Each structure stands twice: as structure tokens, then as C-alpha cells.
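Heavy-atom basis, side chains included; hydrogens, waters and symmetry copies ignored. The shown structure was predicted, so the numbers you read here are calculated from the model rather than taken from an experiment.
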Amino acid sequence: MSVVTRFAPSPTGFLHIGGARTALFNWLYARHMGGKYLLRIEDTDRKRSTPEAIDAILDGLHWLGLSPDEEPVFQFSCRDRHAEVVQQLLDQGLAYRCYCTPEELEAMREKAKAEKRSMRYDGTWRDRDPVDAPADITPVIRFKALEDGETVINDAVQGAVTIANSEMDDLIMLRADGTPTYMLSVVVDDHDMEITHVIRGDDHLTNAFRQTHIFNALGWTPPIYAHIPLIHGPDGAKLSKRHGALGVDAYRDMGYLPEAVLNYLCRLGWSHGDDEFFSLDQAISWFDIADINKGASRFDFDKLSNLNGKYIDDAPPARLIELSRHGIEETLGKPLSKIAEQRLTKGMPSLKSRSNTIPQLIENSSFYFLERPLAFDAKAKKALTGEALSHLASVRSSLGSLSEWKQENIEAAVKDYVKTADIKLGTVAQPLRAAFTGTNISPGIFEVAAILGREEALGRIDDAVARQ
RNA sequence: GACCCCAUCGUCUAGAGGCCUAGGACACCACUCUUUCACAGUGGAGACACGGGUUCGACUCCCGUUGGGGUCGCCA
């Protein structure tokens with residue numbers, strides 16, 4: 001039987017990083033097994049589901065390259081089928097109507113809490129005669145859970161997990177308004193979509209028991225469950241939308257490359273020996289549920305950044321410029337000029353090893369697109385004082401008489417000057433750097449000068465000298 | 001509170017009873033390289049939560065303790 005996995009987010013917000021990893025693991029496993037990876041939008045909660053969230057999820061998945069193999073399934077569109085299944089259960093005596101009001105249920109929980117008991121539904125209407133039913137209340141339909149024995153789930157990640165059936169209460173399958181709940185819908189849809197492996201967050205582990213019971217009641221075979229540990233925030237608590245989790249779009253905006261995020265996510269909870277930096281193809285060939293860890297892990301931006309730096313290093317200049325364009329034009333307040341783009345292209349190879357994120361890259365390459373006169377930061381100003389200025393003026397004149405403006409010639413000229421003046425290279429290199437870039441940090445200045453071009457480079461030196 | 005899960009350097013992890021003097025990666029600290037900053041390279045510091053078993057031998061198996069996490073919705 002061919003493997004079918006699914007990612008089943010609820011459209012109540014952005015696609016957060018934990019969801020992204022769940023999608024990734026489902027995707028990887030399907031790819032590894034030569035199976036299918038599907039997407040199901042769990043939108044049965046009509047009050048909280050929004051089209052914006054659906055778009056955000058689709059966008060996020062697309063950005064990461066984790067779009068599903070088939071059109072997404074919208075759970076709510078299957079509601080008739082869900083209701084039909086509930087009716088069947090009702091007919092078989094495996095479900096019943098419950099007339100408790102939300103207030104009564106709340107009181108029930110409070111009481112249980114006060115008495116330090118488990119806060120479960122007490123089964124009030126399970127065996128109660130329907131003639132007692134209050135006429136003014138529309139009932140919900142509950143599943144008649146098993147009362148005795150215990151249930152074992154052989155989770156592909158967690159191993160055998162056992163829970164006493166008495167721990168499970170009669171969950172609601174159909175709301176008073178007639179719409180199906182998640183617990184019922186997942187079962188029906190996973191069955192109908194022929195899902196073979198359910199890879200999802202650990203927070204669903206207890207749900208797996210309820211779902212197994214529904215599968216059994218329906219005479220269906222449950223899928224193989226694989227509950228992956230959650231990703232925690234730096235504080236060690238579950239990362240969720242309401243607890244510091246960011247949408248994948250935020251990672252994109254922070255300048256992370258999708259392949260870096262994917263590579264990092266792979267290493268959170270899964271490993272292949274000591275491999276840290278690997279391609280998606282390698283991940284596909286290596287991925288196995290058996291190698292997923294059981295313990296939760298914490299999200300570490302430092303490591304993501306480091307990985308991102310490696311991917312930036314591997315990226316071609318043209319792509320990096322495209323990724324930077326928006327940010328550059330924002331700081332520039334106008335479109336990137338052709339000449340600046342050419343400079344960036346030439347300078348990119350030595351720029352990219354200095355940056356871990358796109359904003360950093362933009363910052364580090366700003367002197368290639370910023371126009372004269374450059375603003376000097378504090379360090380640059382300090383480098384442009386006293387003797388430095390006279391050195392600059394002298395170097396400027398020998399540079400000005402260069403027959404051909406290319407890196408070797410520039411370097412030779414500056415080094416000649418250094419030799420004649422009997423000073424250290426740094427004595428003139430730092431002021432030059434300040435003049436060319438407005439800062440004290442940059443790639444080699446001979447390269448920078450060459451890329452800037454004669455007119456621009458000499459002009460910047462003039463600007464620096466004229467400051468006094 | 002009840003139930004369930006988890007537990008190796010600060011973080012992510014390797015480790016399937018002897019291969020472990022516990023390995024790698026990030027972060028950190030030195031040094032090398034060097035016109036600055038990075039990159040790279042070299043070195044350093046840094047962990048098997050604790051207590052009992054089992055075994056000739058436990059990071060690895062069992063039990064307990066402690067710690068952390070998750071779930072207990074007409075949310076998913």
C-alpha cells in the first residue's frame with residue numbers, strides 16, 4: 001500500500017514554525033516513500049476560520065516548497081458526509097443526544113476541578129431517557145465512549161502508549177448548530193482520503209485515542225500515528241500562535257532563505273547522524289520516522305542564522321540581489337539604479353560571506369548603492385582625522401593618474417605610496433575604507449575601489465578630504 | 001488536580017550494553033590568517049538530572065524520585 005500523508009492546519013492564523021515543520025515531516029516522509037502528501041484545511045470552526053488565514057497558510061507552504069500534491073481539501077465542505085456518519089453512529093446506538101448547556105458543562109468542570117477530579121463530561125445524558133429532553137434546547141451529539149478496558153496506540157515515534165478507557169469522556173461530534181467537530185471530521189476525512197500515516201504534533205497524542213475509538217466504532221482501520229515532539233520557545237514552553245510563535249512570512253521578512261529554514265527545521269527533532277548541512281534531496285533519501293526524537297526542542301535563532309549564512313554563501317549574486325531589492329529600494333527611497341546593481345553584482349561574492357541574513361547583506365553592501373556624498377559613521381569619522389587626510393590626499397593624486405582603473409593597479413599604487421611614505425598599509429587603508437564606504441567594515445578596499453569605478457572612488461575620496 | 005509524554009554540553013543533537021577518556025553543530029573564549037569586518041583553520045571551556053536495581057560491564061535495560069512538557073472546549 002502506498003503511503004499517503006497529510007498536513008491538516010486550522011485556518012485561524014498564520015502558518016507558524018511548528019506547523020511548518022509538521023508539514024515538512026509529512027512531505028519528507030511521503031517523498032521518501034514515493035507516496036502522496038496532501039493538505040486539508042480544518043475549517044469546521046466557522047467562527048474562527050478566515051480566508052486570510054487560508055491564504056497565509058497556502059503562501060507559507062508555497063514559499064517553503066511544501067505545497068500539496070493535490071488540491072487542498074476543505075473540511076467544512078465535507079460536512080454532509082460527516083453528519084451522515086454521525087447519524088449512522090446514532091442509529092447504531094454508538095452515539096447519543098446531550099442536552100447540557102455550555103453553562104452546565106462549565107459548572108461541571110468547575111466542580112470537578114474543585115473536587116480535584118479529572119475534568120471530564122460526566123455522561124449525564126448517556127443513559128438518560130430522551131423523554132426528559134428539554135424542548136427549548138437543541139442537543140449536541142456525543143460519541144458513546146468505551147467505559148472499560150484500555151487502549152494501546154503503537155505510535156511510530158512515541159512507542160506503545162496506553163490509556164485506560166475510563167479516562168476518556170463522551171466527546172461531541174456534532175454541535176448544536178449541526179456542524180461537525182474536529183474530532184469527528186478528522187476521522188472521517190483521514191479515512192476518506194485514505195491517509196496511511198498521521199504525522200502531527202505531540203499535543204494531539206491524547207486525541208489519537210479518541211480518534212481510534214471512533215475509527216473502531218465505524219469499523220475502519222486507524223492510520224499509523226506518529227506524534228512528533230513540539231517545538232518550544234526559548235522559555236521551554238510550547239510555541240504556539242498565542243505564545244511567541246512567528247508566521248513563516250516573518251522568517252522570510254527577517255531575511256531567511258526557505259532552504260535554510262527547511263534545513264534547520266529538519267534538525268529540530270530529527271537527525272541523520274552528525275549531518276547538519278544538507279540538501280532537500282539528501283533529506284528525502286535519509287528521512288525516516290524512526291529517526292525522529294521523542295523530546296521537545298527549543299528554537300534557536302543563532303543556529304538558524306548560521307545555517308542561513310551558509311545558504312547565502314551558496315546563492316548566486318543575481319538571486320541575492322533580487323532578495324535584497326525590496327529592502328534596498330526602501331532605504332534608497334527609489335529604484336535601484338543600473339550602475340548600482342552592476343556594482344552589487346560584482347561585489348556580491350565577497351559580500352555574501354559576511355552576512356547571515358538579507359538585511360545584514362543589505363547593510364553590508366549599502367556603500368555600493370548609496371550615493372555621494374556618503375554619511376560617515378563615528379568609526380569612519382575617527383579614521384578621517386589628522387594625518388589620515390593628508391595621506392588620503394596624496395594617495396588620491398597617485399590614484400588619479402592611474403592609466404587603467406583596475407584592482408591590481410589600484411593596489412600597486414597604494415602599496416607604492418605606503419612604501420614611499422614608510423607607513424603601514426592600515427594607516428592609509430582604513431581612511432580609504434572610511435571614504436569609500438562611510439564605515440570601518442567592508443570587503444578588501446582595492447576590490448571596492450575597482451568596483452566603484454574611477455570617478456566614483458576618486459569622488460568619494462574628495463568628499464572625505466573636503467569634510468575638514 | 002487527573003491522565004499521558006519526555007530527560008546527553010547553554011541550545012540542536014550522535015549514541016541501539018563494552019567502540020565513550022561521551023562525538024558533531026550553533027553560541028562562547030583564545031590563537032592563526034589579515035588593510036577593517038567576516039570567512040576559513042587550529043585549540044579551549046562545556047553534558048549523560050538523581051537514587052536504586054539487572055549485568056562481568058551501563059549514557060544505553062527496569063523501577064522510583066526530581067525536573068520539564070502536553071492534554072483535559074459545542075478550538076483544532
Side-chain angles (χ1 to χ4, degrees), chain A residues 8-12 42-45 47-49 75 98 100-102 105-106 109 112-121 138-142 155 157-159 161-164 166-169 171-177 179 181-183 185-186 200-207 209 227 229-230 232 234 236-238 264 267-277 293-307 309 313 350-356 364 379 383 411 414-415 418 424-434 437 439-446:
Chain A
S10 64
T12 55
E42 311 236 302
D43 55 352
T44 52
D45 183 346
K47 294 184 197 71
R48 299 202 305 153
S49 299
Q75 193 157 57
C98 166
C100 287
T101 62
L105 294 173
E106 181 54 33
R109 278 191 288 270
K113 194 175 180 180
E115 292 173 9
K116 300 191 172 182
R117 283 182 294 111
S118 170
M119 299 182 283
R120 284 176 275 120
Y121 173 65
T138 330
V140 298
I141 297 179
R142 287 184 184 270
D155 193 276
V157 171
Q158 306 293 339
V161 183
T162 307
I163 282 188
S166 58
E167 288 298 325
M168 270 168 286
D169 60 1
L171 67 280
I172 293 173
M173 295 188 292
L174 220 54
R175 300 187 181 95
D177 66 3
T179 58
T181 62
Y182 157 81
M183 208 62 76
S185 306
V186 214
R200 74 219 312 188
D202 220 352
D203 49 343
H204 280 287
L205 186 57
T206 51
N207 289 336
F209 290 90
H227 288 93
L230 301 175
H232 287 169
K238 176 184 177 182
Y264 177 69
R267 292 289 292 110
L268 231 43
W270 174 81
S271 60
H272 181 264
D274 284 337
D275 293 306
E276 299 278 353
F277 184 60
N293 285 152
K294 300 170 97 176
S297 47
R298 298 189 190 202
F299 197 89
D300 181 11
F301 273 100
D302 283 338
K303 191 149 181 177
L304 206 213
S305 294
N306 175 273
L307 216 40
D313 226 355
S350 39
L351 243 17
K352 52 186 194 175
S353 70
R354 281 152 229 270
S355 313
N356 281 343
N364 293 342
K379 294 277 180 59
E411 179 163 358
V414 173
K415 286 190 168 164
V418 163
K424 291 167 88 174
L425 180 54
T427 308
V428 69
Q430 275 309 87
L432 273 176
R433 189 183 315 281
T437 70
T439 73
N440 65 327
I441 297 168
S442 80
I445 49 155
F446 306 126

Would you say the base of [N] and the side-chain of [X] have a donor-acceptor pair closer than 3.5 Å?
{"X": "A:R354", "N": "B:C37", "value": "yes"}
{"X": "A:N207", "N": "B:A76", "value": "yes"}
{"X": "A:D274", "N": "B:G23", "value": "yes"}

Contact class for [X] vs. all strands (heavy atom < 4.0 Å): base, sugar-phosphate, or nothing?
{"X": "A:L230", "value": "sugar-phosphate"}
{"X": "A:I445", "value": "base"}
{"X": "A:T162", "value": "sugar-phosphate"}
{"X": "A:R433", "value": "base"}
{"X": "A:L205", "value": "sugar-phosphate"}
{"X": "A:D203", "value": "sugar-phosphate"}
{"X": "A:S271", "value": "sugar-phosphate"}
{"X": "A:T44", "value": "sugar-phosphate"}
{"X": "A:P443", "value": "base"}
{"X": "A:V140", "value": "base"}
{"X": "A:H204", "value": "base"}
{"X": "A:E276", "value": "base"}

Please determine, for [N], whether a Watson-Crick or G-U wobble partner exists with both distances under 3.5 Å, and give it or none.
{"N": "B:C3", "result": "B:G70"}
{"N": "B:G41", "result": "B:C31"}
{"N": "B:C61", "result": "B:G53"}
{"N": "B:A47", "result": "none"}
{"N": "B:G10", "result": "B:C26"}

Nearest-angstrom distance, C1' atom, B:A7 to B:G41: 36 Å
- prompt: If you measure from the P atom in B:G18 to the same atom in B:A58, how many Å do you get, rounded?
  reply: 12 Å
task: Locate the shortest heavy-atom distance separating A:A434 from A:A383; write the atom from each residue and the value.
output: CB-CB, 4.1 Å
task: Could you tell me whether a side-chain N or O of A:R120 sits under 3.5 Å from a main-chain N or O of A:E167, the two making a donor and an acceptor?
output: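 Flag set: sc A:R120 to bb A:E167 pair under 3.5 Å.
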Just the rounded figure in Å: distance from [atom2] of [N] to [atom1] of [X].
{"X": "A:F209", "N": "B:C4", "atom1": "CZ", "atom2": "P", "answer": "9 Å"}
{"X": "A:D300", "N": "B:C9", "atom1": "CG", "atom2": "P", "answer": "14 Å"}
{"X": "A:L171", "N": "B:C3", "atom1": "CG", "atom2": "P", "answer": "20 Å"}

